[in-house]
There are 2 protein chains.
Amino acid sequence: MRRAEPETRGEILAAAARRFAATGYRGTSLQDIATAVGCSKATVLYHFANKEALLTELMAPAIAMLQALDDRLTGLTGGAAQRVAAEGFVDLAVRFRREIALLRGEFPELLQQPAFAHIQRMSERLLDAMAGTSDRPAARIAALVLLAGISEGCAEFVDMPDDELRPALLALARRALEPVPDPIHD
Amino acid sequence: MRRAEPETRGEILAAAARRFAATGYRGTSLQDIATAVGCSKATVLYHFANKEALLTELMAPAIAMLQALDDRLTGLTGGAAQRVAAEGFVDLAVRFRREIALLRGEFPELLQQPAFAHIQRMSERLLDAMAGTSDRPAARIAALVLLAGISEGCAEFVDMPDDELRPALLALARRALEPVPDPIHD
DNA sequence: TCAGGGTCTGACCGATCGGTCAGGCATGCT
DNA sequence: AGCATGCCTGACCGATCGGTCAGACCCTGA
């Protein structure tokens with residue numbers, strides 16, 4: 001069962017992405033991934049410290065983009081923050097919908113792990129920004145439904161071209177989120 | 001550890017609801033539930049045939065209401081179907097948000113099980129109705145995001161009063177879903 | 001008094017999980 | 001030739017899972 005090319009690491013990563021997308025993170029065992037690659041489970045754990053390392057490497061680009069959005073959001077308030085948050089999140093969801101899809105609704109569980117606590121915090125800031133400065137519950141509800149709906153729904157959009165999905169999600173976000181007036185600078 | 005009152009069955013059901021809501025269906029073991037009740041795992045399995053029976057009994061009222069909505073939807077098309085679907089689903093989500101919440105994003109996995117195949121089919125019909133007869137992708141995207149977002153988000157709304165949550169979700173649904181003209185009867 | 005049924009339990013089962021470990025094999029450097 | 005290194009493996013580990021089972025306990029009715 002020895003492999004000819006030393007491309008095993010990349011193959012493991014690709015197979016893990018496929019399996020996670022098909023059956024979720026918890027629903028995929030290391031043995032599943034090893035079988036898909038055609039190697040042993042021990043080989044998977046030779047290339048990756050543990051199962052979580054596989055997931056974090058797969059999610060790293062998406063997390064980096066979320067971090068960048070979070071940085072852009074600091075200092076912004078009101079309508080400006082709302083627009084940046086909504087457009088930034090739609091861009092993120094469109095670009096990394098395959099990565100988001102492979103969590104398959106396991107966000108809540110995974111975010112509870114201490115290793116992902118900073119993602120939890122960024123998500124909360126994103127939600128606050130999308131809800132606007134308004135403290136009306138309706139605004140937070142709309143923002144939360146949009147955030148959760150796009151995260152969970154993008155698994156269904158993997159085969160849709162970017163330039164069709166992006167404007168549709170943007171238009172939806174604009175419709176769903178009630179605009180917040182910009183503060184008047186003096 | 002013998003219990004005084006023979007209310008064990010109800011206590012197991014209540015504890016299961018709490019644990020499922022806290023850590024999800026797959027994330028909750030029968031031992032967790034037994035510990036929460038203060039009985040043995042064997043007692044849980046004495047009152048319920050298996051773990052899935054616990055879940056189905058907990059979800060039965062919500063599933064019944066979904067079934068009723070599905071029945072009301074048959075024969076309806078266009079804007080009428082869209083309104084009935086949106087309002088019916090919001091009602092369902094508000095009324096049974098605790099039950100929906102305890103799935104904690106495990107919808108996709110659970111729906112894949114053959115025992116829940118009919119729920120899968122009802123969900124698809126609900127999605128079609130909410131998207132309207134329109135076959136434009138944007139309409140289906142909006143409906144899907146709304147459906148997924150409300151399902152996933154209602155876990156956060158458990159402490160909100162019904163008469164605040166319901167109109168907020170209804171208004172959001174109306175904003176998110178582009179209206180479809182009713183067919184003109186001749 | 002005894003039989004029987006409802007309730008509950010500890011002990012146990014096979015399966016599967018993530019993860020460890022010593023060692024085999026090929027390659028390339030000295 | 002000898003040795004180190006990188007890659008890979010089967011065998012194994014402890015933990016946990018859902019689920020089974022024989023039997024103990026209690027109550028009730030004959």
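Given the structure is predicted, the values throughout are model-derived calculations rather than measurements. Throughout, protein chains are lettered first and strands after them, A, B, ... in sequence-line order, and every chain is numbered starting at 1.
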(message) Whether the side chain of A:Lys41 and the base of C:dG18 hold a donor-acceptor pair under 3.5 Å is what I'd like checked.
(response) yes

(request) Decide yes or no for A:Arg97 and A:Ile150: does some side-chain heavy atom of the first lie under 4.5 Å from some side-chain heavy atom of the second? (result) no

(request) Give a yes/no on whether any side-chain N or O of A:Thr8 is located under 4.0 angstrom from OP1 or OP2 of D:dC7. (result) no

(request) Report the end-to-end axis angle of the helix from C:dT1-D:dA30 to C:dT30-D:dA1; each axis comes from five terminal pairs, and the value is rounded to 10°. (result) 30°

(message) Which is more 5' along DNA chain D, the nucleotide nearest A:Ala42 or the one nearest A:Tyr46? Just name the residue.
(response) A:Tyr46

(request) Look at A:His47 and D:dG6 and indicate whether a side-chain polar atom (N or O) is within less than 4.0 Å of OP1 or OP2. (result) no

(message) Do B:Phe96 and B:Met59 have side chains that approach each other closer than 4.5 Å (heavy atoms only, starting at C-beta)?
(response) no

(message) Categorize B:Leu30 for me: base, sugar-phosphate, or nothing, with a 4.0 angstrom heavy-atom threshold over every strand shown.
(response) sugar-phosphate

(message) For a 4.5 angstrom cut-off between non-hydrogen side-chain atoms, does B:Leu69 reach B:Val84?
(response) yes

(request) Determine the contact category for A:Thr43: base if any of its heavy atoms lies under 4.0 Å from a base atom, sugar-phosphate if only primed atoms, P, OP1 or OP2 are that close, otherwise nothing. (result) base

(request) Report the distance from atom NZ of A:Lys51 to atom C1' of C:dC17, rounded to the nearest whole Å. (result) 8 Å

(message) Strictly distance-based, threshold 3.5 Å: is any side-chain N or O of A:Lys41 a donor or acceptor partner for the main-chain N or O of A:Ser29?
(response) no

(request) Find the distance A:Glu11:CD to D:dC7:C1' and express it as a whole number of Å. (result) 13 Å

(request) Taking the side chain as every heavy atom from C-beta outward, state whether A:Ile33 and A:Ile12 have any pair of such atoms under 4.5 Å apart. (result) yes

(request) Using whole Å, report how far CG of B:Leu54 lies from C1' of D:dG19. (result) 13 Å

(request) Ignoring backbone atoms, test whether B:Ser29 places a side-chain nitrogen or oxygen under 4.0 Å from the OP1 or OP2 oxygen of D:dT16. (result) no

(request) Quickly work out the A:Ile33 CD1 to C:dC17 P distance and round it to whole Å. (result) 11 Å

(message) Just the rounded figure in Å: distance from P of C:dC17 to CZ of B:Arg26.
(response) 10 Å

(request) Measure the distance from CZ on B:Arg9 to C1' on C:dC8 and round it to the nearest whole Å. (result) 16 Å

(request) Measure the shortest side-chain to side-chain distance between A:Leu146 and B:Leu172 over non-hydrogen atoms and say whether it is less than 4.5 angstrom. (result) no

(message) In this structure, how many angstroms lie between the P atom of C:dG18 and the CZ atom of A:Phe48, rounded?
(response) 15 Å

(message) With a 4.5 Å cut-off on side-chain heavy atoms, are B:Leu13 and B:Phe48 touching?
(response) yes

(request) Whole angstrom is fine here: how far is it from CD in A:Gln31 over to P in D:dA11? (result) 13 Å

(message) I want to check one thing: is the phosphate of C:dC8, taken as OP1 and OP2, less than 4.0 Å away from some side-chain N or O of B:Ser40?
(response) no

